[in-house]
Structure formats: C-alpha cells, structure tokens
There are 2 protein chains.
Amino acid sequence: MSLHDLPAVHQECGDCPIRHRAVCARCESDELARLEQIKYYRSYQSGQTIIWSGDRMDFVASVVTGIATLTQTMEDGRRQMVGLLLPSDFVGRPGRNSAAYDVTATTDVVMCCFRKRPFEEMMSQTPHIAHRLLEMTLDELDAAREWMLLLGRKTAREKIASLVAIIARRDASLSLRRSKGEMVVDLPLTREEMADYLGLTLETVSRQISALKRDGVISLEGKRHVTIPDFDRLLEEAGDDTDGGLLI
Amino acid sequence: MSLHDLPAVHQECGDCPIRHRAVCARCESDELARLEQIKYYRSYQSGQTIIWSGDRMDFVASVVTGIATLTQTMEDGRRQMVGLLLPSDFVGRPGRNSAAYDVTATTDVVMCCFRKRPFEEMMSQTPHIAHRLLEMTLDELDAAREWMLLLGRKTAREKIASLVAIIARRDASLSLRRSKGEMVVDLPLTREEMADYLGLTLETVSRQISALKRDGVISLEGKRHVTIPDFDRLLEEAGDDTDGGLLI
DNA sequence: CGTGTGCTTGATTTGTATCAACCTGAGTGG
DNA sequence: CCACTCAGGTTGATACAAATCAAGCACACG
C-alpha cells in the first residue's frame, strides 16, 4: 500500500462526494467554477502527519475521503485529541497562518486543498462560502462543548459508550440507513487513539470495551467491528439524554 | 440591590465599551446606525439565569458588562461549564432557535440584544457582521479545544494554575497593563463554579488553591483576590508551553 | 520462524471524589 | 447589639476509579 497505489485524483466538483456538505455546499455553479480553478487534491497515507502544530499553513482544505485527527500535545508527551475530521470537514483557519494543532491521517486521506490567499479573497467576495464556513464552525463549537462535558464529567464507561454512539450516529446519518434494529459500526480508531480522544489510558479503554461487551451493550467481531443490539441502551450507558438530541 | 437599582441603560453605539471587540466591531457607521435601531438592552442580576437550555431563543446578544457562564447539565445533576462569557462575547446562534446551554449571570450583567430575525437579515446583507462573527466563533473554538486538553489531560493542580493564568492574562489584555512584575486578579467565580469549569469538585479546587498558596505560586487576600508574584512560574505550574503562546 | 504492533488482562498505586466536620463573614431579626 | 442563620469555603478521613506497571496474547509481515 505505497503512495503510488493511491489514485491520482482529478475530479469535477459536480460529482464530488462531499459536494453538499463541505464548505462549498452553498456555492452556485459560477462560484464552483472559480473554486474548481484554485483547488488541488492531495493524498496522505494512513499514519502520515498532514500538518504539524506551529507549522506555517499556506492552504486550507476539506477532507474528501478518509479520517484525520486533530491533536494537541503537552511538552511531557501527554496527548489530547481535540477533533475528529471526517469527509466534508474543514481544515485550517482563514486569517491565521500557523497551525494550532497536529493533523494526522488515521486512514488514507484525500484532501481538497485551496491556497490560502485565493481562498480568502474568494471568501470575502462570495458570501455563500463565508456563510457555510460559519455554520460549520458553529457546529464544531457545539461538538467541542459536548466533548467538554464528556471529558470533564463522564466516567470511563460512559466515555466509551458515548464514543461508540457518536460514531454509530454519524455512520447512520452518512449512509442514511435508519435501521430500527441493530446497528453495525467499524471503529476508525485504535485503542490508543480512542484513549487520546477520551482523556483515558489505552488500558482503561480496553477494559471498558470488554466490560460493555460482557454486559451485552455491544458485541465485538475482531477488534474494530462493533454490533449494537439496542441503541437506546447504549445511549443510557453514555449518560446522554435519551431523547437522542438530534439538533441537526 | 434589587432590579430597580440597575441603571436603565440607553447608550449610543459610538461610545459603547465593547464597540471595537464585539460582533459589531467591523461595522461602518451606516451599518451601526441600522444595528442601533434594532438593538435593546437587558439587565440581569448576579445569579439570575439568562437563558435555559432548550428554551426558545428569539434573540441573540452581546455581553456589554459583567460575566456570564455557559453550562451543560446531565440528568443526574453533574454539571460542566463549557464557556465563560466576558464583555464583548456573543450569545446565541443564528440559524438555530432553541438554546443549547444554560446561560447564567455570575455578576450583574448587561446585554445588548437583537431580535433574531432582523439580526439574521442584517447578517445576510452586511458581510462585516458575518465576518466578525466567524472570527469570534473560530476564537471560541480554539478556546474550547484548549479547554479540552485541560479537561482531558491536566492534573487538578495544573487545572487551577491554568484557570488563574487565563483570567490574569485576560485582565491584562483588557486593561492593557503589561506589568512585568506581579499581577493581581480577582477571581470572578466561586469555588463551585471553578469546579464546574475545571471538571473537579469544589473540595479539590479549595485544596489545590491552598497548595498553590502554600508553595508561593500565588498569594491570597480574602477568597477571591489573588496576587501572582511570578507569572512564568504560574505558567510552568499550568503545564503550558512557557513561551506564552499569545496567538492573538 | 521470529519480530513487532495492537490489544487484553492482572496487580498495585495514586489522585481525586466522597463523606463529614468545622470555620468565617455577611446579613437578619429579635 | 447580639444571637442566629446561611452561603461559601477549608480541612480531614476514607473510598474508589482510573493510572501505572507488568505480563502475555493474537495476528500480520518480512
């Protein structure tokens, strides 16, 4: 699985998989044409660091396919993941030129990049982009605040249940299958990455996954493939309001 | 100190204390005039709840004076503060009509409110407001992510040191006094509120404040008035990069 | 077949929560 | 004016959840 196996992507915005969710979602066809001119794709292998915290950033980008993480690291090596970047998520901050976090590909990732200058120019001229970016940023802020509750107040067991629930919910919303019955998810993260996301150690993550399995809240096939027989039960274990809170 | 003692505020935007920092910071005088027409002030007493989570929100607002908190509460009563609202901070989310968090005044607070509909209309017409709001939201997102690191990975002692450092830094940036020597801060929060912000119990907060005092990192006069003899020492205790990281 | 990465499980330690008592200062009312 | 109350805070003893230290398993890969 070397770099050369990754497809040399060249795609029309019209049939882009994230066309209706990304920062360009609201663009008219003429605006899209302008974006199309300044965009370029980049591929990253699983495990590769896309951006180092502190680095000069002269582009912004959307995740097209794959999953990346946003992490902060303290001097002594303690790490905290502060965001999970899924297809359509936006990377980079207009108006700032150095990265605040490490961005790492946890699967093979394809990004749709824009050089920062032209993108900022376009943003100031086409309100559709700025407006969509505001909307996406507000969503991320809500997600970050939900995560603050998890990090500050939830038990290890609740943290794991919450993570599984969130991943399952996202999968369901992406694939649009609203299965009443059991849900099936593939965890996109290693135990260590989960630990970094949840503010735990990898041992605790492992133990709590085992415990949830033992108690029948989830069942596992291999280390990544999870079946959720009863989603409401999982939400209870997560300590969330049972009403589901689909604010979207 | 009843409601009637609070001044009936009526102010020109031109000499508003948050004119250059709030959502209206970038507005031209004609835009400001329009805003002036749709704005109104509201006052809240210390301790009063400004907005309940889940409530219908038909206005957005800026904090003019005072301090408010944003908190989330779990069914069993566990609470996590997810934001501290200082003068110029924005409350409410254009494009959503129910509140996601409780907003509470921790001091007497004056808010500059706009009915949501007219504000959203103005936003779609004047890019200056939308642009400034994006900028503020991105800043809040960064702050939330910094807090995620604190909640997930810092020790109780580091959490307290971080909180004091952040409050001190903000005070210094507001009053523009760049004192080389000792800094003086008044904590705007009770021990319990600090605990809710830091993901601790109030007992642990109290103990760690005592410990930092005992070790000479801070000194206390009363329960709220803090003197910081050596700010770099405090940053070390906070576990932060010592370079200060003034990204602003 | 050996090596290594990701993961699990066990034993022990430790930092923080919990339970509980008491202190302090401000406000209240007799 | 003093006794009372009460909210906010401190401090101590103990319990417990998660971290740490440690061993070993399972599977992929050269």
Side-chain angles (χ1 to χ4, degrees), chain A residues 1-2 45-47 74 76-80 104 106-107 150-164 186-215 218-226 237 239, chain B residues 1-2 45-47 74 76-80 104 106-107 150-164 186-215 218-226 237 239:
Chain A
M1 209 191 287
S2 84
Q45 284 177 274
S46 170
M74 293 172 67
D76 60 6
R78 280 176 282 175
R79 290 164 55 85
Q80 177 66 48
T104 312
T106 56
T107 65
L150 177 145
L151 292 172
R153 293 304 186 193
K154 289 192 178 180
T155 64
R157 185 183 174 94
E158 288 169 334
K159 286 178 177 182
I160 298 289
S162 300
L163 179 63
V164 174
D186 277 297
L187 301 174
L189 303 173
T190 66
R191 300 291 186 262
E192 187 172 16
E193 288 164 337
M194 291 186 232
D196 284 342
Y197 204 10
L198 299 170
L200 298 170
T201 58
L202 67 92
E203 293 96 328
T204 300
V205 169
S206 182
R207 271 186 252 273
Q208 295 300 334
I209 288 180
S210 299
L212 288 175
K213 188 172 83 179
R214 187 178 344 103
D215 299 345
I218 60 174
S219 64
L220 273 182
E221 207 172 323
K223 287 133 184 356
R224 298 284 193 108
H225 195 76
V226 178
E237 294 287 354
Chain B
M1 208 192 288
S2 85
Q45 285 177 275
S46 171
M74 292 171 69
D76 61 5
R78 281 175 282 175
R79 290 163 54 85
Q80 176 65 49
T104 312
T106 55
T107 65
L150 177 145
L151 291 172
R153 294 303 187 193
K154 289 191 177 181
T155 65
R157 184 183 175 98
E158 288 170 334
K159 287 178 175 182
I160 298 290
S162 299
L163 179 63
V164 174
D186 276 297
L187 300 174
L189 304 173
T190 65
R191 300 291 185 260
E192 187 173 14
E193 287 165 336
M194 290 187 233
D196 283 343
Y197 203 11
L198 299 170
L200 298 171
T201 58
L202 67 92
E203 293 96 328
T204 300
V205 169
S206 182
R207 272 185 252 273
Q208 295 300 334
I209 289 180
S210 298
L212 288 175
K213 187 171 83 179
R214 188 179 341 106
D215 299 344
I218 59 174
S219 65
L220 273 182
E221 209 172 324
K223 288 141 188 341
R224 300 283 194 111
H225 196 75
V226 177
E237 294 287 353

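Note that this is a predicted model, so its numbers are computed, not measured. To find a chain, count down the sequence lines: A is the first, B the second, and so on, and within it residues start at 1.
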Any donor-acceptor pair under 3.5 Å from A:Arg79 side chain to A:Tyr197 backbone | no

With a 4.5 Å limit on heavy-atom distance, are the side chains of A:Ile218 and A:Ile209 in contact?
-> yes

The correct set of residues in residues 197-205 of chain B placing a heavy atom under 4.0 Å from DNA chain D is B:Leu202, B:Glu203

For the residue pair B:Thr190 and B:Arg224, what are the closest heavy atoms and their distance?
-> CG2-NH2, 3.4 Å

Residue pair B:Met194 / B:Leu163: nearest heavy atoms and the distance that separates them | CG-CD2, 3.7 Å

When the distance from CG of B:Leu220 to P of D:dT11 is rounded to whole Å, what number comes out?
-> 10 Å

Euclidean distance, atom CZ of residue A:Arg224 to atom P of C:dG6 [Å, nearest integer] = 9 Å

N/O-N/O pairs, protein side and nucleotides 28-30 of chain D side, under 3.5 Å:
none

Name of the residue among A:Lys159, A:Arg157, A:Lys154 meeting salt bridge (Lys or Arg N to Asp or Glu O under 4.0 Å) with A:Glu237 = A:Arg157

Check each residue of residues 154-161 of chain B for a non-hydrogen atom within less than 4.0 Å of any atom in DNA chain C, then write out the ones that pass by number, or none.
-> B:Thr155, B:Ala156

Whole angstrom value for the distance that separates P of D:dA18 from CG of A:Leu151 | 13 Å

Distance in angstrom units between A:Arg78 CZ and D:dT20 P, rounded | 9 Å

From CZ (A:Arg214) to CZ (A:Arg207), nearest 0.5 Å | 11.0 Å

Which part of the nucleic acid, if any, lies within reach of B:Ser206 when heavy atoms closer than 4.0 Å are counted: base, sugar-phosphate only, or nothing?
-> base

Taking OP1 and OP2 of C:dT8, is either one under 4.0 Å from a side-chain nitrogen or oxygen of A:Arg191?
-> yes

Rounded distance (Å) that lies between atom P of C:dT18 and atom CG of B:Asp76 | 10 Å

Give the rounded distance in Å between these two atoms: NZ of B:Lys223 and P of C:dT24.
-> 9 Å

Taking only side-chain nitrogens and oxygens of A:Ser210, does any of them come within less than 4.0 Å of OP1 or OP2 of C:dT9?
-> yes

Decide yes or no, distance alone: a donor-acceptor N/O pair under 3.5 angstrom between the base of C:dT18 and the side-chain of B:Arg207.
-> yes

From CD of A:Glu192 across to P of C:dT5 the rounded distance in Å is 12 Å

